[in-house]
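Take a look at the structure below.
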Amino acid sequence: MELYDELRARGLIAQVTDEEEIKELINNGKATFYIGFDPTADSLHVGHFMALSFMRRLQKAGNKPIALLGGGTTMIGDPSGRTDMRNMLTRETIEYNAARFKVQMEKFIDFSEDKALMINNADWLLELNYVNLLREIGACFSVNNMLRADCYKQRMERGLSFLEFNYMIMQSYDFLHLFREYNCVMQCGGDDQWSNILGGTELIRRKEGANAYGMTIQLLLTSDGKKMGKTQAGAVWLDPEKTSPYEFFQYWRNIDDSDVINCLKKLTDLSLDEISAMESWEGQKLNEAKEILAYRLTMLVHGEEEAEKALSAARALFQKGTLSENMPQTVLDKSNIPDEGIDIISLLVESGVCTSRSDARRQIQQNAISVDDEKIEDMELRYNVKELEEGIVIKKGKKTFMRVSIE
RNA sequence: GGGAGGGUACCCAAGUGGCUAAAGGGGGCAGACUGUAAAUCUGCUGGUUGACGCCUACGGUGGUUCGAAUCCACUCCCUCCCA
C-alpha cells in the first residue's frame with residue numbers, strides 16, 4: 001500500500017488542500033514539509049508523539065521533514081481550540097522548554113545527514129519590524145476572512161486579544177519563510193491547525209505566486225469525543241521524569257474498549273493486517289489488544305527495556321497478584337524515620353500514594369489502603385526502620401501500587 | 001469615552017448579612033459488580049486534627065457590622081451595546 005493510502009487507512013488524515021497533488025508528492029518522496037511544535041511546556045505529550053510518528057512515516061518514504069520549534073510563535077500563543085487565553089510565558093521559559101523539546105524530538109526523528117531539519121522560528125520572528133511586517137504581510141490578510149476562520153470562532157464569544165489574533169499571521173509567515181529558504185512545500189499539523197495552515201498556503205500564493213500544500217492530522221479523540229492523552233493530573237508526558245514508563249503503560253492499558261483499535265492504527269507501527277486481526281476480539285480478549293497497545297507505545301517512547309519492565313510489573317501485579325521488581329517505588333531517607341517508626345499517614349503522603357494527610361485518613365476510612373496485602377484500619381499504625389528496610393508494598397484501591405523502602 | 005452585565009472550589013454553576021467549607025452537575029478518588037474496560041449503585045472530594053476546634057478560601061485592597069461570598073468605597077480583569 002502506498003504511503004498516502006496507508007495514512008488514510010489508519011485514519012490519520014483529516015483534511016488536505018489538494019489530494020491528488022499531495023498524494024503524488026509524498027508517495028514519491030518528493031516533499032519537504034514541516035510541522036510546528038510550540039514549546040508551551042517542558043515536555044512533549046501524546047499529541048506531539050502522533051505528529052512525530054506521522055513525520056517519521058513520511059520521512060521513511062523519502063520525504064524531508066522540518067521540525068519547527070515555535071520559540072517565536074509561543075511568544076504570541078495559539079488561540080486555536082482554546083476557550084481562554086494562554087498564560088503568557090516568559091522568554092526564558094520558552095527557551096528552556098524548546099531545549100527540552102529538542103532533546104526529546106531527536107529520539108524520534110533521524111536528523112543525521114540532513115535527512116531532517118530542526119529549526120526555531122524565534123530566529124526570524126523575534127526580529128521582525130512591525131511596520132515592515134504590516135506592509136509586506138499584513139496587507140495580504142483580510143480581517144473579514146480571518147474572523148470567519150474556525151479557530152477563532154470559539155473565541156469570538158469569550159474574547160480574543162489582538163496578540164492572539166496575530167498568531168495566524170505569524171504561522172503563515174513561518175510557512176512563507178520556510179518555502180523561500182528551504183523549498184518547503186507542505187505544512188502538516190493537528191486538525192485544529194487547519195485555518196493557520198491555510199493562512200500560509202494563501203500567503204505563499206499571493207507573495208510567490210506558487211502552490212503550497214497543507215495536510216492535517218486527525219486529532220486523537222476518545223470515542224465520545226474527548227481529547228486523549230489527558231488525565232486528571234494533566235497530560236500524559238513523554239518525559240519519563242514527568243510520567244514514568246509504568247504510568248505511561250498503564251494509561252494505555254486502561255483505555256476504553258472502543259478506543260483500542262483506533263489507537264493501534266494511529267499510534268503504533270503495527271501493520272494494518274495485524275491490527276485488523278484484532279478488530280474481532282471481544283471481552284476479555286480485548287485486554288490482550290490493550291496490552292499490545294500499551295507495550296508498543298511504551299517501547300516506541302521509552303525503549304524496549306522500559307516496556308518490558310512495565311509489562312512484567314503490570315502482569316505481576318494485576319494478573320498474578322504477586323509483587324514485581326519493576327513496580328513503582330519510593331525510597332525514603334532513613335534519617336527521616338523517627339525511632340518510634342513512621343506513622344501510616346505520613347508514609348502514605350511521603351510515598352506519594354495520597355495527596356495530603358486528610359486524603360490519607362479518608363482513604364483508610366474508606367478501606368482503600370493495604371500494606372503487604374493487609375487491610376489497614378488503624379491510623380496509628382507505625383513502621384520502624386527494620387520493617388522498612390525489607391521494603392513494604394502499599395496498595396491504594398485496585399490500581400495504585402507502591403513499593404516503599406529506605407536507604 | 002458613555003451605558004449594561006459579569007468574575008464563586010479542578011470545570012460549569014447556585015447562593016444577596018449568621019443555619020455556608022459554600023446547593024446542584026461534571027470530573028476525580030474509594031467501595032460493590034467486573035475484564036486493570038464500560039454501564040450501574042454507594043460513599044468521599046480545602047488544610048490540619050483521634051475528635052472538639054483552628055486555619056485558609058467566593059478577582060484585589062480597604063471599610064461597615066457582634067458576624068460578610070453576600071452591604072459600602074476604591075481597584076484590577078472579562079463580555080455586550082453605543083462612540
Side-chain angles (χ1 to χ4, degrees), chain A residues 79 81-88 152-165 222-236 244 246-264 278-279 281-295 297-298 310-324 326-328 343-346 348-371 375-382 394-402:
Chain A
R82 293 206 135 230
T83 51
D84 299 305
M85 185 165 157
R86 290 171 183 276
N87 290 332
M88 283 229 239
Y152 294 134
K153 270 203 185 121
Q154 253 186 313
R155 298 295 298 278
M156 293 313 289
E157 293 154 26
R158 305 199 56 160
L160 176 70
S161 68
F162 185 66
L163 173 77
E164 299 169 280
F165 184 57
T222 60
S223 51
D224 47 350
K226 298 197 186 99
K227 268 191 191 171
M228 288 202 76
K230 296 238 188 265
T231 67
Q232 182 60 13
V236 175
S244 73
Y246 176 79
E247 289 171 305
F248 185 87
F249 180 96
Q250 283 297 311
Y251 177 82
W252 300 105
R253 178 61 186 77
N254 280 310
I255 62 167
D256 200 289
D257 285 6
S258 52
D259 295 322
V260 183
I261 296 298
N262 187 266
C263 287
L264 284 166
M278 296 183 214
E279 285 191 63
W281 294 3
E282 283 177 355
Q284 178 71 266
K285 183 88 172 155
L286 248 184
N287 278 333
E288 288 175 38
K290 290 186 192 181
E291 199 175 77
I292 291 169
L293 173 70
Y295 181 85
L297 288 180
T298 310
L311 176 67
S312 66
R315 277 191 179 166
L317 293 170
F318 289 101
Q319 288 171 20
K320 300 192 195 100
T322 58
L323 303 179
S324 160
N326 299 318
M327 66 192 291
D343 61 283
I344 181 70
I345 305 282
S346 303
L348 287 167
V349 176
E350 302 266 323
S351 62
V353 172
C354 294
T355 55
S356 66
R357 300 179 66 81
S358 302
D359 179 43
R361 278 196 198 90
R362 262 179 241 126
Q363 298 293 353
I364 292 173
Q365 273 161 11
Q366 293 186 102
N367 218 14
I369 304 294
S370 54
V371 173
K375 278 281 180 219
I376 300 297
E377 285 168 7
D378 179 10
M379 294 200 215
E380 301 291 320
L381 209 60
R382 286 178 177 277
I394 301 176
K395 187 177 173 193
K396 184 188 82 168
K398 275 169 288 197
K399 295 188 193 172
T400 310
F401 295 86
M402 185 66 74

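Numbered from 1 within each chain, the chains take letters A, B, ... in sequence-line order.
- Remark: A14(B) base-pairs with no nucleotide in the shown strands. Criterion, Watson-Crick or G-U wobble with two distances under 3.5 Å.
- The shortest non-hydrogen separation linking S346(A) to R357(A) is OG-NH1, 3.0 Å.
- Counting any heavy atom pair closer than 4.0 Å across all strands shown, R362(A) reaches sugar-phosphate atoms only and no base atom.
- In this model, a donor atom of one side chain and an acceptor atom of the other lie less than 3.5 Å apart for Q363(A) and D359(A).
- Comparing the P positions of A4(B) and A13(B) gives an interatomic distance of 23 Å, to the nearest angstrom.
- A donor-acceptor pair under 3.5 Å is formed between the side chain of N254(A) and the backbone N or O of Q250(A).
- Applying the 4.0 Å criterion to OP1 and OP2 of G50(B), one finds that R361(A) has a side-chain N or O inside that range.
- Interatomic distance, I394(A) CD1 to C354(A) SG, rounded to the nearest 0.5 Å: 8.5 Å.
- When distances are taken from the side chain of Q366(A) to each of G43(B), G35(B), U36(B), the shortest belongs to G43(B).
- When heavy atoms are screened at a 4.0 angstrom cut-off, K290(A) is found touching base atoms of the nucleic acid.
- Atom pair I255(A):CD1 and A37(B):C1' shows a separation of 10 Å (rounding to whole Å applied).
- Closest approach to the Q363(A) side chain among A30(B), G47(B), U34(B) is made by A30(B) (side chain taken as heavy atoms from C-beta onward).
- When rounded to the nearest whole Å, the span between CD1 of I344(A) and C1' of G50(B) equals 16 Å.
- Among the nucleotides G31(B), G47(B), C29(B), the one closest to any side-chain atom of K375(A) is G31(B).
- Residue S358(A) is in base contact, counting any heavy-atom pair closer than 4.0 Å across all strands shown.
- Closest-nucleotide positions on RNA chain B for D256(A) and N287(A) were compared, and the one nearer the 5' end corresponds to N287(A).
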